[in-house]
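Everything below concerns the one structure shown next.
In this text the structure is predicted, and so the values were computed from the model without any measurement. Order of the sequence lines sets the chain letters (A, B, ...), proteins ahead of strands, with each chain counted from 1.
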Amino acid sequence: MRFPKKKRYLPETADMFRYAPRDDIAPWLATAGKAAFDRFAAVGLPSSRLERWKFSNIATILKKYSADPLVYDAVSSDPHVRQGQADAQEAWVRELVDALPPNHEKYGDMALWDLNTASIQDVMVVDIPEDMIVKDPIRLDFAGKDGAFLPARLIIRLGARAQLAVIEHHEGQGAYWRNHVTRIVLGEGARLDHYRIQNDSPAALHLQMTAIDLAARAAYHGFTLTEGASFARHQAEAVLQGAQAHVAFNGINLLKDRQHSDTTLEAEHRAPSCTSSQLLRSVVDDQARGVFQGKVYVDRVAQKTDGYQLSNALLLSEGAEMDTKPELEIYADDVKCSHGATTGQLDSEPLFYLRSRGLSEQEARHLLIEAFVGEVVDQLADESVKTLVTERLARWLKR
Amino acid sequence: MSISEDTIRQVETIGSKYSAGFVTDIESDKAPKGLNEDIIRFISAKKSEPEWLLEWRLKAFSHWLDMPEPDWAKLDFPPLDYQDYYYYAAPKTQDRPKSLDEVDPKLLETYEKLGIPLREQEILAGVAVDAVFDSVSVATTFRKTLEESGVIFCPISEAVQKHPDLIRKYMGSVVPFHDNKHACLNSAVFTDGSFVYVPEGVRCPMELSTYFRINELNTGQFERTLIVADKGAYVSYLEGCTAPMRDENQLHAAVVELIALDDAEIKYSTVQNWYPGDENGKGGIYNFVTKRGICAGRRSKISWTQVETGSAITWKYPSCILKGDESIGEFYSVAITNNYQQADTGTKMTHIGRNTKSRIISKGIAAGHSDSTYRGQVKIMPKAEGARNFTQCDSLLIGDLCGAHTVPYIESRNPKAQLEHEATTSKIAEDQLFYCRQRGLSQEEAVALIVNGFCREVLQKLPMEFAVEAQKLVGISLEGSVG
């Protein structure tokens, strides 16, 4: 046939995985895991024919690893975190683990989510009761070691008016594969500041999906620094279910060598008077490739929505690539939605200005790159994260 | 009083204001319904085509049979029954008329009713028109004047006979027959269209124009336009289209190819006003068009301007391949949808040469229950050093039952390229409306004025003759969408 049916999934990749739950796994999780594994095994990993995977071709990435075909057993080495009184046996936790995220039907590309459900041994739960304001941020460290497949399921629930900050650190050594799912449910007026510092090993695969539900007046402030991993996919989708909720996705990508980093975001407005913003600054050097797919979806009922997206990318060398797809899908008329995207190199005029003031070419470039990502750094609410990001940036520039 | 309340009421009471919706009662020659190799042979024989062209058509047809339909656009319509269309219909006349005096008066009357008075235009110097009625070209005006300057402007079927070398060289060179399912179908069954060749160094002395009219019931129109501007040539080309009001969905699958050599410039303007269907979404034209130009030479320029107000479904992405160094591509678009219309339109700018520039200005206006999508791609290839793109797409929503979507793909593979993209979606500002109303304009006049202002950047790019028509069309298309 001249036109073979385009494959939306890579069925052969399903053979890389084996369903092997530990003996001591909770029975309900074993049932959920088995069902999810069957769903995953029927299709395999997503191919670039799926719209949301258009720019990120898992098949070519896996070729790099296929010299020594690995079969991954599900082994979780992650710490079991508990805060408040939640227990993984509780019904609400089970429900969240069982269900796919609210808008999964729209894309039909949740194979990695299913693979996660099939491979977790337990669930990390952070549950903050109503009105509790947690002063110190919770720090979660995710380690990685060579040859491991690392799934983790994190559930964060904030009761009405609760406040919390979570700082995730992702680091490790060797070639490993992370497949994280984070499910966040924010009650009325709750606020979560969620920071991710992704500095995985240069040989690692970092895949993670975050789904957030926001009740009225809830606020989610997400920030991701992507610096590590040979292939990184940061997918986050927020559903604004109650009026006046607010979501902000901010991010900085510092990419070098042959790194591939994909940031796929969606703010789905399902209630009136909500606001959302997406701000991404990417610095792409060497042969690296950055991808930004941002979407604002506004339902008919979501009048008075204010949606904003901005992606700016700096390409520092020949061979670097940036693919941007800022998308608006709007069904309500009384809205203010806009997006902007720029791609280019450092401006020659400010470079010249700095050089004429006695800075070396390198100093001038570094200063301009610092200023470029500075706008995102300035918006960070947590001082310790701000200092950390500034340090990491300085180190990245000096490499 | 808010607009949305009015809209709901108005959408319910809207009457069809499509003025081009009449049917011309004229006898016609039709091939039997349906699509198969015999029909293609029949069309080819009717046009006395050379062997190679028939081969090409059949090759396209065999590809078409296997090819999947494009499904990525944000359009919702039932699957097409390709066997339910007539692929060839021509007004019954003996031979091709040599002058307008021999053209059937009924046809002349049709074009006059549409505001395209072929006869008068011959006298009042201005625009040279090629009129295509269903499957064939019925008249081309100003041929003599054009011939004197060396410009070839004739129906494509005639060009196949008279200028086979040019046709063989360029047809299918920009849009290959296997480009997509709709282009494939067109390549197999295209019946007529216009051919333009502007020789080296010639500035075409007048605007060229083709007017397409679908008249017959259940007929598809598959025209093909090929414009070649040789070195240093300039041509401005206009295209208009209408169809009668019918309850069935009619199919229009066209292909347009533009080729600009060194220092040449082609300006292509479209005012698309196919029948959009009635206020309940019944009937209307399915408009699947593949338009692409190549700036093959250095410093060449292709500029697309389109005003899309008609069609039940619009699937159309006029594109530019910027191959020559320092070549320029432009896309200016206004797409207005009302009632149950759906439009998925945009452009593709592929930067291959150094210092190539492109500019995209798109204005989408959605009213009623309609959906309007801008889908565009800007692609910078690794060698396109110094490439520059600016994109702006704005959408305006009138009423809360319609949708406006923006789907841009921006891919840059050269660090010395500079790309800027911005998009906004909003509604008509209350204070602007209030200001206009306060100065004595009715709500409807005020909306038409504001929308015209919103589209001004694009409408200004149209040649004068079209700009006035387009402005009126903007008002008519939105009639009844606001109180």
Practice prompt. Please flag which part of Ala417(B) lies under 4.5 Å from any non-hydrogen atom of chain A: side chain, backbone, both or neither.
Written response: backbone
Practice prompt. Taking heavy atoms only and a threshold strictly under 4.5 Å, list by residue number the residues of residues 50-57 of chain A that touch chain B; give 'none' if the list is empty.
Written response: Glu51(A), Lys54(A), Phe55(A)
Worksheet item: Do other residues, nucleotides or ligands put more than 12 heavy atoms under 6.0 Å from Phe77(B) CZ?
Response: yes
Practice prompt. Mind checking the OH-OG1 spacing from Tyr308(A) to Thr424(B)? Nearest 0.5 Å is all I need.
Written response: 12.5 Å
Discussion item. Looking at every non-hydrogen atom in both residues, tell me the closest pair between Asp333(A) and Lys427(B) and how far apart they are.
Written reply: O-CB, 3.2 Å
Worksheet item: Are Val335(A) and Ser426(B) side-chain neighbours, meaning at least one heavy-atom pair lies under 4.5 Å?
Response: no
Worksheet entry | Non-hydrogen side-chain atoms of Arg289(A) and Arg413(B) separated by less than 4.5 Å | no
Discussion item. Nearest 0.5 angstrom please: Lys336(A) NZ to Thr425(B) OG1, how far?
Written reply: 12.5 Å
Worksheet item: If you count heavy-atom pairs under 4.5 Å with chain A, which of Glu420(B), Arg375(B), Gln377(B), Lys416(B) comes out on top?
Response: Lys416(B)
Worksheet entry | Engaged part of Thr343(A) at the chain B interface, taking heavy atoms whose separation is under 4.5 Å | both
Worksheet, complete the sentence: Heaviest contributor of heavy-atom pairs below 4.5 Å to chain B, chosen from Leu316(A), Asp334(A), Val284(A), is Asp334(A)
Practice prompt. Please look at Lys379(B) and chain A and tell me whether the side chain, the backbone, both or neither of the residue comes under 4.5 angstrom of a heavy atom of that chain.
Written response: neither
Item to complete: Count the heavy atoms of every other residue, nucleotide or ligand shown that sit under 6.0 Å from NZ of Lys181(B), and state whether that count exceeds 12.
Response: yes
Discussion item. Can you confirm whether Tyr107(A) is buried at OH, in the sense that more than 12 heavy atoms of other residues, nucleotides or ligands lie under 6.0 Å from that atom?
Written reply: yes
Discussion item. Counting only non-hydrogen atoms closer than 4.5 Å, does Asp371(B) touch chain A with its backbone (N, CA, C, O), its side chain (CB onward), both, or neither?
Written reply: side chain
Worksheet item: Mind checking which of residues 318-330 of chain A sit less than 4.5 Å from chain B, heavy atom to heavy atom?
Response: Glu318(A), Ala320(A), Glu321(A), Met322(A), Asp323(A), Thr324(A), Lys325(A), Pro326(A), Glu327(A), Leu328(A), Glu329(A), Ile330(A)
Worksheet item: Just wondering, more than 12 heavy atoms not from Arg57(B) lying within 6.0 Å of its CZ?
Response: yes
Worksheet, complete the sentence: Assert top hit (heavy-atom pairs under 4.5 Å, partner chain A, pool Glu422(B), Glu411(B), Gln392(B)) equals Glu411(B)
Worksheet item: Are there more than 12 heavy atoms of other residues, nucleotides or ligands under 6.0 Å from atom CD of Glu69(B)?
Response: yes
Fill in: Among the listed options Gly340(A), Ser317(A), Ala341(A), Gly344(A), the residue most often paired with chain B at heavy-atom distances under 4.5 Å
Ala341(A)
Fill in: Engaged part of Pro382(B) at the chain A interface, taking heavy atoms whose separation is under 4.5 Å
neither
Discussion item. Would you say that more than 12 heavy atoms from the other residues, nucleotides or ligands in this model lie under 6.0 Å from the CD of Glu105(A), or not?
Written reply: no
Worksheet entry | Over 12 non-hydrogen atoms of neighbours within 6.0 angstrom of OH in Tyr82(B) | yes
Fill in: Check: His339(A) and Pro408(B) side chains under 4.5 Å, non-hydrogen atoms
yes
Worksheet item: Which atom pair, heavy atoms only, marks the closest approach of Leu397(B) to Ala332(A)?
Response: CD1-O, 3.1 Å
Item to complete: Indicate yes or no: at least one non-hydrogen side-chain atom of Asp400(B) is less than 4.5 angstrom from one of Arg300(A).
Response: no
Worksheet item: Using a cut-off of under 4.5 Å for heavy-atom pairs, which of Glu385(B), Lys74(B), Gln418(B), His405(B) has the most such pairs with chain A?
Response: His405(B)
